[in-house]
K.L.:
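Encoded as C-alpha cells, here's the structure I'll be asking about.
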There are 2 protein chains.
Amino acid sequence: MATIKDIAKMAGVSVTTVSRALNGYSDVNPKTRDRIKKVAEQLNYSPNALARSLVMSKSHTIGLLVSELNRSGAKDMFTYEVMCGINDAASDENYDLILFSTNPVKQEQKSYSQLCRERQVEGVIMQGIKTDDPYLEEVIESNIPCVLVDVELEGDNVGYVSTDNVFGAQMAMRHLINLGHENIAMMNGHNQARVSQRRLEGYVKALEEAGLPVYDHYVAEGDYLEPKAETEAVKLLTDQPEITAIFCASDLMALGVLRAAERLGRKIPEELSVVGYDDIVLAQYAHPPLTTVAQDKYQIGYESARLLTAMLQQKTKKRKVILDNQLIVRGSTAPPK
Amino acid sequence: MATIKDIAKMAGVSVTTVSRALNGYSDVNPKTRDRIKKVAEQLNYSPNALARSLVMSKSHTIGLLVSELNRSGAKDMFTYEVMCGINDAASDENYDLILFSTNPVKQEQKSYSQLCRERQVEGVIMQGIKTDDPYLEEVIESNIPCVLVDVELEGDNVGYVSTDNVFGAQMAMRHLINLGHENIAMMNGHNQARVSQRRLEGYVKALEEAGLPVYDHYVAEGDYLEPKAETEAVKLLTDQPEITAIFCASDLMALGVLRAAERLGRKIPEELSVVGYDDIVLAQYAHPPLTTVAQDKYQIGYESARLLTAMLQQKTKKRKVILDNQLIVRGSTAPPK
DNA sequence: TTGTATGCGTTATCAG
DNA sequence: CTGATAACGCATACAA
C-alpha cells in the first residue's frame, strides 16, 4: 500500500508538498504537482482515510442505527426504502455510512453512544426506535448530532423527519366520510409509537369536524401486527356490527382486517371499507387493492441524511422536516350500502 | 473526548500502562488496573477505533457493496434480507459494516478498490453484481478479500455463496412433471446472471431425465421484469397453446405470467400451472398463492459474512458455500386438464 | 510490573 | 513555492 511518503521519496519532494499537491492547494508549482500526480497514479495511491480522519478529527462518516434490522421488517419495506434514501443522500454529500446493528444482547455491553464515539461518527440517524427506548435518551444526551426518523424530538443536536401523520389520518377519514360512512372504527398500533398517537388525533379530528360522535370502543389496538389486527377486527365487527368502515394505522394491519372480513363473510368494499397506511408493496397486490395513505419512504431517508449533514456543517438551524403524504384510492373503499 | 493520555495523567501512570490495563494484558498490577479502569469509567472513555486501526493496520471493518441499493429492489426483498443476514453475522464476529453505494456516476471517479483501500476495509461482500460488471474484475484483481453473492467465482482471495440453482430448478420441474405436465415452458431472466444459466440447466436436465423433449422456443427471456415477463408469456402461450405449465426464474416474472394468463383467460392452476423462484413476500399473497422455490436469503447473507471473516482470519481454506433451497407448493400448480 | 521511545499515514504550523 | 517538525490516539519493542 503506497503512502505519501513513498510518493515523496520517488518524486524527490517532502511529504508536505505531496499532501498539498494532491489536495489541490494553490501554493504549489504546477510542474511539481504534475510530477507528484503522475507518481501517485503510478503507485496506485489511495489516501488512507483513517489517518486523515485521525488528524483532522473528522471522520466524514455517519452512523446508521436501525433498531430492527431483521427479517420481521421484510414485509413492510419501510426500513429498506428509508435506507436507500439515506444512502443516496449520504453519498451525494460525500459521507460514508456505517451500519450499527443493535442486537439487544450487545446493547448491554456497549451503548449506542460508545459505539458512535469509538467509530468517531460525526452524526447518527436513528430509525425504528420506540419513544420509550432507553437508548434513545442516551444518544440525545450524548450530544452527538442525531436525526430521528418518525420520532418527534428537537434539540440543539437533535432533529427529526416525519410525515404529517395527523393530516394523513384526516385525509383517510375525510375520504371515508365523503363516501357517506358514519360508523368508522380505527385499528391503531400501540402507544409507544408517536405516529400512532398522531394518527389517532387525525381520526378524532376528522370525526369532530364532520360532527360525528367519537367512541372509545371504536378504537382497537392491533400492535402493527397482522394477526393481532385480524382478531381485534373480528371482535370489533361482531360487537359493533353497525361499523361500515375501518381506518387502519398500517397496511399490514389493514391486511389483517381484510382477512377478518373474509372470516366474517363481509365483502370488501361493498360491506366494509378499509383504509390502510404506508402504501407498502403488498397494498396494491391485496384483494381488493388497498386504499391507503402513502408515505414517500425513500424521501424520508433522503431528507434525514440531508438534514443531518446540514446540521454537521452548521448550514442550518432547522431541526425538523415534515413531509407530505398522499391518499391513494384503490379498491378497498366504497360508499356504505 | 477523553484519551488514554488523559487517563494516564489522572491515574498517575504512563499511557503504555493504561493501554495494557484496558486491553487485558496480564503483566499489570491488579491494583493499578483497577485504578485505571475506574478513571476510564469516570472519564467516560471510549477507545478511538480510528487510531487503533491505524496503528494495528486492521480496521475490523468490512465493506458492503450493493450494486442496486435503490427502490427498484423494493418489491423483491432479496437485497434487504441478505443485508440483514450479513449484518447479524458481522456483528457476531465483531466486525463493523460500511456501506458503499455504487451510484454509477461516482464509479467513474472512484473505483471500488479505491473506495476499499481508502476506508481500509479488510474485506468486501458484493451483492447484485452482474457477471459482466467491469468492476467485478477490478476487485478480484485488487487482491482484497472478497465474497460474492450468487456469482460463482473462486480464487485465493475470492469466494462466493450461492444456492444450488440447478437443483432448485430441477425440483420445480420434477414437481410439474410429477403432476403430469409434458409441455413445460420456461421464463428465464437474462444471461448476464449466472443464476439464469444454472436454472436453465436444471430445466433442461429435468426434462431430459423425464425423457421429455427440449424445445428452444419454449424458453423465453423475461429479464427478471414483471411487465416483460407478461408480454413474453402472452407470446409464448398464444404461439404454443399446448403449453400447460411455465417454470419462471423469479417470482416477479411469475407474477407477470399470472397476469398474462388472466389476459388470455386461462385459469390458474386449472388451465396453466406456474412455478416461481425466490419466495418473495408477494408470492404468498398472489392469487392464487405461488408455488415457488424458496431461498433462505437471510442465511445467504449470514453465510457470506461468516465466510469472509473466516477468510480474513485465515481460519478456512473453503471458498464457497452452497445453500439448499426448498420447494414450496402453494396454489398455482395442479395437474393438467 | 512499569515507563520511554517510536511509528502508523496524514494534515497543519511555521520558518525558510 | 517548499520543507522540517509536531500532532492526532493508540499499540508495541525494548529498557529499566
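Lettering follows sequence order; numbering is per chain, from 1.
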K.L.:
What's A:V13 touching, base or sugar-phosphate or nothing? Going by heavy atoms closer than 4.0 Å.
P.N.:
sugar-phosphate
K.L.:
Mind checking B:V28 for me? I need base, sugar-phosphate or nothing, with any heavy atom below 4.0 Å counting as a touch.
P.N.:
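B:V28: backbone/sugar contact only, no base atoms under 4.0 Å.
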K.L.:
Could you tell me the separation between the CG atom of B:L22 and the P atom of D:dG9, rounded to a whole number of Å?
P.N.:
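Whole-Å distance recorded here is 16 Å.
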K.L.:
Nearest nucleotide by nearest heavy atom, which residue falls closer to the 5' end of DNA chain C, B:V15 or A:A51?
P.N.:
B:V15
K.L.:
Using a cut-off of 4.0 Å on non-hydrogen atoms, how would the nucleic acid contact of A:D27 be classed: base, sugar-phosphate, or nothing?
P.N.:
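Contact class for A:D27: base.
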K.L.:
Which part of the nucleic acid, if any, lies within contact of A:T3, taking any heavy atom under 4.0 Å across all strands shown: a base, the sugar-phosphate backbone alone, or nothing?
P.N.:
sugar-phosphate
K.L.:
Please determine, for the side chain of A:N29, which listed nucleotide (D:dT2, C:dG3, C:dT11) has the closest atom?
P.N.:
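The closest nucleotide is D:dT2.
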K.L.:
Taking the side chain as every heavy atom from C-beta outward, state whether B:L153 and B:L136 have any pair of such atoms under 4.5 Å apart.
P.N.:
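Yes - at least one pair of side-chain heavy atoms lies under 4.5 Å apart.
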K.L.:
From the set C:dG9, D:dG3, D:dA11, return the single nucleotide nearest to any side-chain atom of B:V55.
P.N.:
D:dA11
K.L.:
Between A:K58 (NZ) and D:dG9 (C1'), how many Å, whole number?
P.N.:
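In whole Å, D:dG9 C1' and A:K58 NZ are 17 Å from each other.
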K.L.:
Starting from the 5' end of DNA chain D, give me the residue, A:R33 or B:Y45, whose nearest nucleotide shows up first.
P.N.:
A:R33
K.L.:
Parallel, tilted or perpendicular: which fits the ring planes of B:Y80 and A:Y80, with parallel below 30° and perpendicular above 60°?
P.N.:
perpendicular
K.L.:
Could you tell me the separation between the CD atom of A:E118 and the C1' atom of D:dC8, rounded to a whole number of Å?
P.N.:
18 Å
K.L.:
For C:dA12, does the base pair up with any side-chain atom of A:S19 as donor and acceptor (N or O, under 3.5 Å, distance only)?
P.N.:
no
K.L.:
Grab the CE-P distance between A:M56 and C:dG9 for me, whole Å please.
P.N.:
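Atom CE in A:M56 sits about 18 Å away from atom P in C:dG9.
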K.L.:
Can you tell me how far C1' of D:dA6 sits from CG of A:L54, to the nearest Å?
P.N.:
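Atom-to-atom, A:L54 to D:dA6, this comes out as 13 Å.
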K.L.:
Would you indicate which nucleotide in C:dA12, C:dT1, D:dT2 comes nearest to any side-chain atom of A:Y25?
P.N.:
C:dA12
K.L.:
Could one point to a donor on the side chain of B:S14 or the base of C:dT4 with an acceptor on the other under 3.5 Å away?
P.N.:
no
K.L.:
Verify the contact: side-chain N or O of B:N48 to OP1 or OP2 of D:dC8, cut-off strictly under 4.0 Å; return yes or no.
P.N.:
no
K.L.:
Of A:N87, A:D88, A:D92, which is the lone residue that meets side chain to side chain donor-acceptor pair (under 3.5 Å) with A:Y302?
P.N.:
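Running side chain to side chain donor-acceptor pair (under 3.5 Å) over A:N87, A:D88, A:D92 with A:Y302 returns exactly one hit, A:D92.
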K.L.:
Checking only heavy atoms, does the side chain of A:T16 share a donor-acceptor pair with the base of C:dA12 at less than 3.5 Å?
P.N.:
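Checked by distance alone, the answer is yes.
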K.L.:
Would you kindly give the CG-to-P distance between B:L50 and C:dT11, to the nearest whole Å?
P.N.:
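Interatomic distance, CG of B:L50 to P of C:dT11: 14 Å.
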K.L.:
Between B:H190 and B:Y224, how do the two ring planes meet: parallel, tilted or perpendicular, split at 30° and 60°?
P.N.:
perpendicular
K.L.:
Between A:I62 and A:V121, is there a side-chain heavy-atom distance shorter than 4.5 Å?
P.N.:
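Side chain of A:V121 against side chain of A:I62, heavy atoms only: no contact under 4.5 Å found.
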K.L.:
Look at the side chain of B:T17 and decide which nucleotide, out of C:dG9, C:dG3, C:dT1, has an atom nearest to it.
P.N.:
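Ranking C:dG9, C:dG3, C:dT1 by closest atom to the B:T17 side chain puts C:dG3 first.
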K.L.:
Could you tell me whether A:S53 contacts a base, only the sugar-phosphate backbone, or nothing, with contacts defined as non-hydrogen atoms closer than 4.0 Å?
P.N.:
nothing
K.L.:
Does a side-chain N-to-carboxylate-O contact under 4.0 Å join A:E154 and A:R319?
P.N.:
no
K.L.:
Find the distance B:I4:CD1 to C:dT4:C1' and express it as a whole number of Å.
P.N.:
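Answer to the nearest Å: 14 Å.
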K.L.:
OP1 or OP2 of C:dC8 versus the side-chain N and O atoms of A:K5: is any pair under 4.0 Å?
P.N.:
yes
K.L.:
Round to the nearest Å and state the distance from B:R52 atom CZ to D:dC10 atom C1'.
P.N.:
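Going from CZ in B:R52 over to C1' in D:dC10 covers 8 Å.
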